[in-house]
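Just so it is clear: chains get the letters A, B, ... in the order the sequence lines come, proteins before strands, and each one is counted from 1.
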Number of protein chains: 2
Amino acid sequence: MLDTAHITGSGRSRPTMRHVAALAGVGIKTVSRVVNAEPNVSQETVHRVREAIERLDYQPDLNAGNLKRANGKTLTIGLVVESVANPISSAIHRAIEQKAWERDTAVFASSHGDDPIREHAIMQALQRRRVDGMILTTAGGSCAYHAEGAARRTPLVFVDRASGGVGADAVISGDFTGAAHAARHLLGHGHRRIAYCGPGDHLGFRSARERERGFMEELGRWGVPTTDVPVLQDLDDAETAQNAVATMVRSGSRPTAIFTSHGPSTIGAIRALREAGLHNSVALVGFDDFALTEILEPGVTVVAPDPERIGQMAAERLFARIDGSRAEPNTYVVPTTLIARGSGELWPKIDAPHRKGRRLSPHGQAAAVERQRNR
Amino acid sequence: MLDTAHITGSGRSRPTMRHVAALAGVGIKTVSRVVNAEPNVSQETVHRVREAIERLDYQPDLNAGNLKRANGKTLTIGLVVESVANPISSAIHRAIEQKAWERDTAVFASSHGDDPIREHAIMQALQRRRVDGMILTTAGGSCAYHAEGAARRTPLVFVDRASGGVGADAVISGDFTGAAHAARHLLGHGHRRIAYCGPGDHLGFRSARERERGFMEELGRWGVPTTDVPVLQDLDDAETAQNAVATMVRSGSRPTAIFTSHGPSTIGAIRALREAGLHNSVALVGFDDFALTEILEPGVTVVAPDPERIGQMAAERLFARIDGSRAEPNTYVVPTTLIARGSGELWPKIDAPHRKGRRLSPHGQAAAVERQRNR
DNA sequence: CTGAAAGCGCTTACAG
DNA sequence: CTGAAAGCGCTTACAG
């Protein structure tokens with residue numbers, strides 16, 4: 001008997017192609033043709049089959065279809081990030097999803113919370129689900145070899161954080177160039193004593209190191225010796241950053257400007273400067289952008305990454321691989337944008353021998369939001 | 001021949017249970033037992049099979065397994081929201097994903113951009129993929145009947161926006177109560193002339209209307225006639241809101257306080273008040289919370305929803321349905337929290353006959369962040 | 001403790 | 001233009 005609908009207990013069982021075929025009075029192959037819009041079916045048959053599909057509210061089972069389908073594709077991909085709630089990750093997600101939608105591909109999204117074990121478990125699960133490919137912001141750690149293994153079978157693209165030696169494409173922000181741009185911007189506004197504040201690199205991410213390098217090398221080019229740079233490291237969250245910056249600005253050798261190399265340290269620095277009443281005296285440029293920074297006084301000058309572009313490119317690279325590309329794995333760098341909002345355009349107020357007597361520039365007025373592309 | 005690995009062109013084909021069985025010298029059912037940790041396999045056999053799995057790097061195909069599996073579950077669910085990049089949605093997503101992970105369930109996430117057509121297409125696609133259930137922030141529109149149809153076959157829970165008449169569970173914010181709380185807060189600080197600013201409800205969302213109702217009714221209870229309330233509607237984005245509020249505060253009958261009923265209108269109001277130099281004179285309470293509101297001066301008092309809790313509850317409801325619950329569909333309301341940061345604690349500076357001569361309360365000093373649970 | 005047969009809902013490769 | 005047979009990689013229901 002075909003009609004098992006009324007004997008299965010839990011919510012009538014779904015109709016299958018055979019139900020449709022029986023109702024339309026055709027073979028299942030004909031139903032398959034209609035469902036997949038294949039040619040060589042008479043108008044009238046198409047019509048009858050469509051009617052049966054409608055009547056039964058038939059929905060083809062994609063998973064069953066994939067099982068024998070020639071190309072072996074499931075039209076699904078997996079996205080694995082630290083947290084899907086992170087603003088940058090979710091912007092990346094949105095962009096990837098759009099590209100995927102254009103290819104009828106669905107996106108599994110999940111968070112590993114920087115736990116390499118969980119990252120590995122998630123990737124295993126995705127492979128068991130036979131995703132066509134994966135996009136990964138890796139938790140790093142010492143489990144890179146897992147990714148290596150995965151990449152052998154399933155196309156893999158790294159986003160936002162580098163591939164850590166795994167032979168796969170990666171799409172990341174221009175950390176080095178962006179940080180150098182920030183340094184140049186502050187140097188150009190007369191600062192020579194500029195503090196570096198950033199997170200630790202205990203997770204082994206390249207980003208933090210690259211930002212520090214970019215910052216330091218630019219200072220070096222302008223003749224500022226590294227030993228003259230106050231460095232606050234391991235500021236992993238806003239509170240730690242706030243305390244550290246507060247201590248620093250209270251000290252004798254207060255910097256005239258601060259570069260913060262990630263969001264939390266920027267927020268901490270903003271708070272510390274406000275609390276000390278120095279937010280209009282000590283210049284600040286932060287890496288990473290966030291909401292409301294333009295409402296503060298002064299507005300916060302930032303080096304903004306471009307998560308939409310990162311997501312787009314990652315999706316493009318992944319789909320190219322899925323389509324069979326055998327090109328050498330490459331790392332793609334998406335340029336950042338320096339957005340001047342005021343805090344980064346303050347001229348040194350104290351200890352500025354090289355620009356003695358120079359006053360605040362008009363940019364210090366905060367309102368002008370000029371955008372400069374970094375090269 | 002079993003070993004087709006070296007003859008398939010595109011990246012050696014994956015090993016199957018039969019490959020493992022052949023290598024271990026057992027039947028495929030035995031491999032199946034080991035993979036699924038079923039009992040009644042000798043220690044030694046388990047060991048041999050495990051070794052073969054390891055050697056071949058075998059990964060069971062979950063989709064194939066699901067095909068005949070008794071319970072018919074795929075251990076996947078779908079999340080459909082306006083945009084996965086929206087902070088509230090992504091926080092909800094994170095919470096859902098956590099609950100799902102505990103059940104070995106993977107989450108498809110996608111955005112409909114408030115397009116009902118796309119919403120429908122996404123839900124269709126999810127059903128073809130045989131998700132066990134769906135969580136939906138609906139685009140509304142007139143396509144509610146689609147959701148109705150979907151809910152008949154696949155468990156469905158609405159989040160963040162109400163179900164619009166579809167007989168399904170919903171988990172939403174306490175819009176009415178939260179807005180009433182905001183009104184009460186401002187009334188309690190001496191305000192009687194309080195403006196309402198919010199988005200239009202052209203999309204048919206209940207939230208906007210509920211927030212307006214909650215606000216108005218509370219005013220009514222305090223003896224403020226509705227006709228005395230300046231109302232700015234259709235402020236769908238920050239820019240529109242900024243212009244409208246700017247015009248309003250320049251007018252003769254400026255309100256002493258403003259309630260903004262969603263994020264963009266709050267941002268617009270903040271900008272307009274700052275531009276007019278009134279941010280320390282006109283009180284402001286906004287619905288929805290966002291980053292950095294505590295750094296502004298004064299800090300922005302908000303009625304904050306609880307997306308984590310919303311996501312958790314939505315997942316709990318969905319999984320209960322998936323597990324067979326036949327309870328009456330219900331709408332669950334997650335309470336909001338009023339976070340006092342300064343802007344909502346300003347006392348009226350002009351036109352405050354009922355509290356003549358009363359000065360700024362100490363709360364007006366901004367720093368104190370007191371949290372009050374609304375009832 | 002173990003495995004051969006049947007079948008999940010489709011697609012493929014054919015034969016009419 | 002159409003459909004019967006075989007098979008995708010597993011699980012189920014049995015029989016040993």
Side-chain angles (χ1 to χ4, degrees), chain A residues 1-5 8 13-49 52-53 56-75 127-130 153, chain B residues 1-5 8 13-49 52-53 56-75 127-130 153:
Chain A
M1 276 269 75
L2 259 178
D3 190 359
T4 57
T8 57
S13 77
R14 290 172 173 280
T16 71
M17 229 170 222
R18 290 174 59 204
H19 297 266
V20 176
L23 183 59
V26 298
I28 68 162
K29 175 58 198 169
T30 299
V31 177
S32 172
R33 284 197 182 90
V34 173
V35 165
N36 297 299
E38 284 172 31
N40 298 330
V41 189
S42 77
Q43 278 288 304
E44 201 237 307
T45 307
V46 169
H47 192 74
R48 271 218 320 283
V49 171
I53 288 176
L56 296 174
D57 190 21
Y58 167 72
Q59 302 200 276
D61 183 329
L62 235 56
N63 297 319
N66 288 149
L67 205 50
K68 187 153 173 73
R69 187 163 280 126
N71 64 16
K73 300 287 189 290
T74 57
L75 295 185
Q127 289 186 87
R128 278 201 253 275
R129 296 209 147 82
R130 296 296 185 261
R153 283 247 162 75
Chain B
M1 278 266 77
L2 257 178
D3 189 359
T4 57
T8 56
S13 78
R14 291 173 172 281
T16 73
M17 228 169 223
R18 291 174 58 205
H19 297 267
V20 177
L23 184 58
V26 299
I28 69 162
K29 176 58 198 168
T30 299
V31 177
S32 173
R33 285 197 180 90
V34 173
V35 165
N36 297 299
E38 284 171 33
N40 297 331
V41 187
S42 76
Q43 277 288 305
E44 202 237 308
T45 308
V46 169
H47 193 75
R48 271 219 319 284
V49 171
I53 289 176
L56 296 174
D57 189 20
Y58 167 72
Q59 302 200 277
D61 183 329
L62 234 56
N63 298 318
N66 289 147
L67 205 50
K68 189 155 174 68
R69 186 164 281 128
N71 65 15
K73 300 286 189 289
T74 57
L75 296 185
Q127 290 186 87
R128 278 201 252 276
R129 296 209 147 82
R130 295 295 185 263
R153 285 248 162 74

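In terms of the side chain to side chain contact (heavy atoms under 4.5 Å, CB included) criterion, residue partners of B:L23 (sequence neighbours excluded) are, by chain and number, B:A52, B:R55, B:L56. For B:R33, the side chain to side chain contact (heavy atoms under 4.5 Å, CB included) partners at least two apart in sequence or on another chain are B:K29, B:T30, B:E38, B:V41. Every salt bridge (Lys or Arg N to Asp or Glu O under 4.0 Å) that B:R130 has, sequence neighbours left out, goes to A:D61.
From the 5' end on, the contacts that DNA chain C makes with chain B at under 4.0 Å to a non-hydrogen atom open and close at C:dC1 to C:dG9.
Near-neighbour residues of DNA chain D inside residues 28-37 of chain B, defined by a heavy atom below 4.0 Å, number-ordered: B:I28, B:K29, B:S32, B:N36.
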Response to the item:
Parsed dot-bracket for DNA chain C after applying the Watson-Crick and G-U rules with both distances under 3.5 Å and | for other-strand partners is |||.||||||||.|||
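Of all heavy-atom pairs between A:M17 and A:V31, the closest is CG-CG1, 3.5 Å. Residue A:L67 comes nearest to B:A64 through the heavy atom pair CD1-CB, 3.6 Å, listed as atom of the first residue, atom of the second, then distance.
For the pair B:D57 and A:R153, the minimum side-chain heavy-atom distance is below 4.5 Å. Taking the side chain as every heavy atom from C-beta outward, A:V20 and A:V49 approach each other to under 4.5 Å.
Place B:R69 and B:N40 on DNA chain C by their nearest nucleotides, and B:N40 ends up nearer the 5' end. Nearest-nucleotide positions on DNA chain C place B:T45 closer to the 5' end than the other of B:G65 and B:T45.
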